[in-house]
There are 2 protein chains.
Amino acid sequence: MSKGERTRAAILDQALAMTSTDGLTGLTIGTLADRLGMSKSGLFAHFGSKELLQAAVLERAADLFADTVVRPALAQPRGLPRVLALFENWIAWTMDPVLPGGCPIQAASIEFDDRPGPIQDLIVKQQEDMRRVVIGATRRAVEEGHLRTDLDVEQFAFEGISLCYGFTQSYRLLKNPKAEVWARTAVHGLVDRGRVRG
Amino acid sequence: MSKGERTRAAILDQALAMTSTDGLTGLTIGTLADRLGMSKSGLFAHFGSKELLQAAVLERAADLFADTVVRPALAQPRGLPRVLALFENWIAWTMDPVLPGGCPIQAASIEFDDRPGPIQDLIVKQQEDMRRVVIGATRRAVEEGHLRTDLDVEQFAFEGISLCYGFTQSYRLLKNPKAEVWARTAVHGLVDRGRVRG
DNA sequence: AAATAATACGAACGGTCGTACTATTGTCAA
DNA sequence: TTGACAATAGTACGACCGTTCGTATTATTT
């Protein structure tokens, strides 16, 4: 790993934290350089433009999300355990102090839902990837006989993802101490309702 | 209505649309003035600071939300019809072309969930007001005998609000044509599950 | 019609933004 | 150890930011 690669990784770590609290637009090259003790131009040279920096941050966020949420869930036995782990890990991810301001991708979703361009395209791709993961795990649970065969897996995924998103509001903005219980109760309810009878 | 009040209202209308797409931070006095064909300083004088402008925009958004979502729902007979109207109106509000970029309050929630200050305080107050409205209507539905007496109304509100929020993602960012059906199916399911047996 | 207040304007301020260029330093293979 | 190139710093730029100020214009009241 060359020196350039090392600094680039350090930049992205700091940029991720900054994006988490200030958003992709609030992420600023000058203050980012200050926090890293390096010059604006030196940092800038690593990416070539702010938009490319934003894209790199998003991809780093997605990697971290995959490592924290998706991969550990896929390590669970297929079927219900995996589906539940997906939601539980997602809830834990929202509370993870590594991201001081919450999931940067979720924030970016709202920030960029009216700004077409490469960044929006990337966010859409990431969100649909995640949707596919949830749908895939759910469909597996149906095949394993854990969930009803007549279950609408797309509807199921919509509700599960919505609950994870809603949790962010209650937990991060409203700081409601019951938020975590609500979210976990809700996803367990969702899963239970999909279970085969008996 | 004096001339000042008239321009102030016109400013807020335009500012609301701009906030809807660009967020409270992306809302900029210069371009806002341009769109209204007036000078930066003339516009500025109406509010005294950008923060006060942002606060005024949020209050205008809340008024509009109350007129579009809450008041029509309260016109429905108490109990289940009112609860359902609340969610249906909320879904319609998210699709309302009056807000070209979706609900400004929801966007501001994520934008400001890590920026303490008067704006964050205002947003928290608005969100908790809305939460209280949902909880109140739900509790009424219990009293009317439409919903189970052992229903956890806070849990119910969390799930309903989460679904409305999740709908924004699917509809505005991912532009999924099934989003509206998913959201309506989900809230109807939520309500049905709370119904008294038989 | 005169007096006063409300409203709007234009210009300018200090700052920060992203970006472009050039110069300097550091790294690492030959 | 040197030469080539990657990495970082330095400086400057035009554009825009929120804000202030003095002044002109327009409404409203007396």
Side-chain angles (χ1 to χ4, degrees), chain A residues 1-19 21-58 60 104 107-108 111-112 115-120 122, chain B residues 1-19 21-58 60 104 107-108 111-112 115-120 122:
Chain A
M1 189 169 175
S2 76
K3 179 162 202 283
E5 286 169 325
R6 254 179 290 129
T7 26
R8 194 188 145 101
I11 292 171
L12 286 179
D13 275 346
Q14 191 68 43
L16 197 60
M18 194 169 166
T19 299
T21 59
D22 301 335
L24 272 183
T25 311
L27 172 68
T28 221
I29 295 174
T31 62
L32 183 58
D34 280 350
R35 291 196 194 174
L36 288 155
M38 66 186 296
S39 70
K40 230 169 61 155
S41 53
L43 192 154
F44 183 84
H46 280 271
F47 303 93
S49 78
K50 172 158 187 188
E51 197 171 60
L52 289 173
L53 167 64
Q54 291 174 324
V57 169
L58 276 178
R60 179 119 180 72
E111 213 176 341
F112 280 83
R115 303 188 205 173
I119 298 296
Q120 187 188 53
L122 180 54
Chain B
M1 190 166 172
S2 74
K3 180 166 202 276
E5 286 169 325
R6 252 179 290 128
T7 29
R8 195 187 144 100
I11 292 171
L12 286 179
D13 275 346
Q14 191 68 45
L16 197 61
M18 194 170 166
T19 299
T21 59
D22 301 336
L24 272 183
T25 311
L27 172 67
T28 222
I29 295 175
T31 61
L32 182 57
D34 281 350
R35 292 196 194 175
L36 288 155
M38 66 186 295
S39 70
K40 235 169 52 155
S41 53
L43 191 156
F44 183 86
H46 279 271
F47 303 94
S49 78
K50 173 158 186 187
E51 197 172 59
L52 288 173
L53 167 64
Q54 291 174 322
V57 169
L58 276 177
R60 178 118 179 74
E111 213 177 341
F112 280 83
R115 303 187 204 174
I119 298 297
Q120 187 188 55
L122 180 54

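Here is how names work: the chains are called A, B, and so on, in the same order as the sequence lines, proteins then strands, and each is numbered from 1. Atom set for the values below is all heavy atoms of this structure, side chains included, hydrogens, waters and symmetry mates excluded.
Among the nucleotides C:dA8, D:dG18, C:dG18, the one closest to any side-chain atom of A:Lys50 is C:dG18. Side-chain atoms of B:Lys3 lie closest to D:dA27 of the nucleotides D:dA27, C:dC17, C:dT19.
Taking 3.5 Å as the limit, the base of C:dA8 and the side chain of B:Ser39 contain no donor-acceptor pair of atoms between them.
Put simply, CG on A:Leu43 is 9 Å from P on D:dT8, counting in whole angstrom units. Rounded to an integer number of Å, the gap from CE of B:Met38 to P of C:dG10 is 11 Å. Going from atom NZ of B:Lys40 over to atom C1' of D:dG18 covers 7 Å, rounded to whole Å. Counting to the nearest Å, the P atom of C:dA8 and the CZ atom of B:Arg6 are 10 Å from each other. In this structure, A:Ile119 atom CD1 and C:dG18 atom P are separated by 13 Å, rounded to whole Å. Computed from coordinates, the B:Phe44 CZ to C:dA12 P distance equals 19 Å when rounded to whole Å. C:dA6 atom P lies 15 Å from atom CZ of B:Arg8, rounded to whole Å. Distance, B:Ile29 CD1 to C:dG15 C1': 15 Å, rounded to whole Å.
B:Val57 is listed as a side-chain neighbour of B:Leu53, based on a closest heavy-atom distance under 4.5 Å.
Between C:dT7 and B:Ser2, a contact under 4.0 Å exists linking OP1 or OP2 to a side-chain N or O. For C:dC21, the OP1/OP2 oxygens have no side-chain nitrogen or oxygen of A:Ser41 closer than 4.0 Å. Look at A:Thr7 and you'll find a side-chain N or O under 4.0 angstrom from OP1 or OP2 of D:dT8. Put simply, B:Thr28 has a side-chain N or O that comes within less than 4.0 Å of OP1 or OP2 on D:dG18. Neither OP1 nor OP2 of C:dA6 sits under 4.0 Å from any side-chain N or O of B:His46.
Counting only N and O atoms by type, the side chains of B:Arg115 and B:Thr25 include a donor and acceptor under 3.5 Å apart.
Both B:Met1 and B:Leu27 lie close to DNA chain D; mapped to their nearest nucleotides by heavy-atom distance, the more 5′-ward contact belongs to B:Leu27. Along DNA chain D, the nucleotide nearest A:Gly37 and the nucleotide nearest B:Gly48 are compared for position; the residue whose nucleotide lies closer to the 5' end is A:Gly37.
Here the CG-NZ distance, from B:Leu32 to B:Lys40, works out to 12.0 Å after rounding to the nearest 0.5 Å.
The minimum heavy-atom distance linking A:Ala108 with A:Leu58 is given by the pair CB-CD2, 4.2 Å. Counting all heavy atoms, side chain and backbone alike, B:Ala9 lies closest to B:Arg60 at O-NE, 4.5 Å.
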